[in-house]
Amino acid sequence: MPLPGCWSYLGTWLHALCCWSCYAGRINPVASSSCQPGEGTDATATRVDATMGCVLPRQVNAAGRDGNDTVHHETAGSKTPGGRPSPNKASAVAVDGEDALQGKCKPTAKRMVRKWSVNSLDSTSSALTMDRVAAGHGGTSILKYVSKDDTEVAANPECIMKVYNATEAGVYQQLRDSEDTLRPFTAAFFGEVQKDDLPEDLEGGEYMKLENVLHAFDERPNVMDWKLGIRSFTEAEVTNTKLRSDLFAQMLNFHPDDITEEEHNAQACTKYRWMKLNDAKSTLGTLGFRMDGLENGRCKFRKKELRALGSLQDVAEKIVQEFLPPMSGLNSTTSPPLQTAFNTLQRLCDLRAAMMASDIFRNNEFVGCSLLFVADARGPRAGVYLIDFAHTTPVPSGMNVDHRSQWKPGNHEDGILLGMDNVIACWERVLEMLEEPGTVVRL
């Protein structure tokens with residue numbers, strides 16, 4: 001998914017935006033931001049100012065409840081709970097599921113004329129490419145959704161299409177058909193894209209249709225993709241002995257000193273060997289999360305640079321320097337970076353509470369899933385979404401996982417809650433840094 005500057009990063013979807021901000025001059029965001037496992041929004045409801053430019057929660061009706069799959073984005077441009085219009089320019093949008101399934105997500109952003117030659121720079125795949133996509137989703141794995149009969153492509157459409165994976169589609173289907181607490185933190189799902197709705201010159205493959213969560217933000221927000229959990233490989237990979245030359249090349253690039261003589265001779269390694277080593281050499285092995293992608297208005301950061309972030313403090317500093325909006329004005333209490341960080345932290349606390357209450361979370365192992373962070377380039381709107389469910393599978397019957405214990409072959413632990421605890425600790429550190437004298441937020 002190309003992007004000018006350095007990288008084309010993190011777009012994708014996901015929904016149910018629940019952000020917070022603080023009243024100017026009325027509270028200290030840092031003092032009220034720290035949260036404990038299981039804490040939700042109700043405990044801090046009196047500290048919310050819905051007019052500060054946050055993306056507020058929106059509900060998604062399950063299929064069959066009212067005959068529709070309806071996505072409602074309540075952004076800062078819509079009426080607040082008190083009836084006051086928000087000063088932010090974004091307005092509420094709705095996608096009717098019946099129309100969405102028929103390919104009628106009606107784009108409102110600026111448009112470009114669709115081109116049909118896949119062999120040129122003006123190809124359909126280029127026109128459908130997202131400006132912001134999650135790490136690892138290059139090429140045509142995630143594209144803008146557009147009906148075959150449409151002649152224009154929105155710059156920031158309401159829906160996207162992602163290469164179909166039966167396991168991932170099953171998780172989205174389960175979420176859509178339930179009232180599970182995780183549902184508001186994931187993308188609305190509209191089923192498989194019909195063959196007749198795919199561009200004629202998009203070769204091969206099947207796609208599923210998802211909500212584009214970036215639609216509620218500015219056209220080019222800042223985005224991050226963090227791998228979550230203590231392992232990125234499935235239990236099945238442990239016994240897979242197939243040798244991969246492509247993964248050996250990765251090992252040679254990132255961890256040349258750890259290559260064995262046998263691997264040098266074979267010029268190949270197993271997927272388990274590569275992924276286990278790569279996890280152990282990053283914060284995924286120590287903290288249960290890893291920053292895999294970061295893009296702001298200036299550039300996309302190379303994965304090798306991000307892998308060098310070896311501690312919680314390193315990650316917090318990167319967030320302050322490159323993800324948060326620039327400082328404006330002299331009042332640090334109401335500054336965009338502080339408000340954005342506070343909104344993000346509250347969203348993370350809500351997501352952790354939702355995980356702990358979720359039946360789907362309780363009964364599955366979540367391997368390879370990620371957190372998608374999104375923030376308007378000048379703040380303070382922010383969102384956090386749970387994405388990537390291709391390796392989310394049911395725990396074997398009779399086995400329980402707590403999502404915090406260390407993994408051993410066969411125990412199916414994923415460390416997701418351990419990772420969430422440290423992600424929240426990282427953002428609490430970000431807030432502390434923003435209050436320290438002399439902290440510089442990029443201009």
Side-chain angles (χ1 to χ4, degrees), residues 1-10 12 129 132-142 163 165 223-296 298-315 317-318 321-322 366-372 387-388 390-391 406-409 414-415 419 422:
M1 308 260 184
L3 186 156
C6 309
W7 198 73
S8 217
Y9 174 71
L10 292 122
T12 337
T129 296
R132 295 285 195 266
V133 294
H137 294 287
T140 57
S141 61
I142 294 178
V163 168
N165 175 279
V223 287
M224 293 191 296
D225 184 332
W226 294 19
K227 190 67 69 180
L228 191 60
I230 54 177
R231 61 185 169 101
S232 59
F233 53 87
T234 65
E235 294 272 359
E237 296 299 343
V238 178
T239 55
N240 186 352
T241 59
K242 180 181 178 181
L243 295 178
R244 300 267 302 268
S245 58
D246 58 329
L247 297 181
F248 176 81
Q250 291 276 62
M251 190 184 298
L252 194 61
N253 183 32
F254 287 101
H255 314 296
D257 295 338
D258 293 280
I259 298 176
T260 66
E261 182 178 355
E262 182 181 0
E263 289 163 344
H264 263 300
N265 293 336
Q267 293 289 292
C269 64
T270 65
K271 185 175 181 179
Y272 172 63
R273 160 69 171 155
W274 155 248
M275 298 188 82
K276 188 172 186 292
L277 174 64
N278 195 45
D279 292 351
K281 290 286 186 177
S282 71
T283 54
L284 200 73
T286 57
L287 299 174
F289 72 84
R290 180 179 67 214
M291 186 187 293
D292 274 357
L294 166 61
E295 184 170 2
N296 56 33
R298 301 191 318 280
C299 71
K300 162 196 170 181
F301 290 82
R302 296 176 58 205
K303 185 169 286 190
K304 198 166 187 177
E305 177 181 349
L306 300 178
R307 294 290 174 88
L309 304 175
S311 68
L312 188 147
Q313 179 66 25
D314 290 342
V315 177
E317 289 176 359
K318 198 71 171 178
Q321 294 165 3
E322 304 294 351
F366 285 70
V367 176
C369 68
S370 299
L371 295 175
L372 178 66
I387 65 173
D388 294 341
H391 301 294
Q406 288 298 313
W407 173 79
K408 296 178 181 179
D414 52 29
N422 286 321

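Considering only heavy atoms from C-beta on, L252 comes within 4.5 Å of I259 through its side chain. With contacts defined as side-chain heavy-atom distances shorter than 4.5 Å, the pair L228/R290 does not qualify. Between L243 and T270, some side-chain heavy-atom pair lies under the 4.5 Å cut-off. Residues T283 and M291 have side chains not in contact (no heavy-atom distance under 4.5 Å, counting atoms from C-beta outward). Between L306 and K318 there is a side-chain heavy-atom pair separated by less than 4.5 Å. The shortest side-chain heavy-atom distance between E322 and R298 falls under the 4.5 Å cut-off.
Taking K304 as the reference, N253, F254, R302 meet the side-chain contact (heavy atoms from CB on, under 4.5 Å) condition, with sequence neighbours excluded. Here Y272 pairs with F233 under the ring-ring contact (aromatic ring centres under 6.0 Å, His included) rule; sequence neighbours left out. Applying the side-chain contact (heavy atoms from CB on, under 4.5 Å) rule to Q267 yields the partners F248, H264; only residues at least two apart in sequence or on another chain are considered. Residues that satisfy the salt bridge (charged side-chain N to carboxylate O under 4.0 Å, His left out) test with D314, not counting sequence neighbours, are absent from this structure. By the salt bridge (charged side-chain N to carboxylate O under 4.0 Å, His left out) test, K276 is found to be paired with no residue, residues two or more places apart in sequence or in another chain being considered. By the salt bridge (charged side-chain N to carboxylate O under 4.0 Å, His left out) test, E317 is found to be paired with no residue, residues two or more places apart in sequence or in another chain being considered.
Distance alone, capped at 3.5 Å, places no donor-acceptor pair between the N422 side chain and the F289 backbone.
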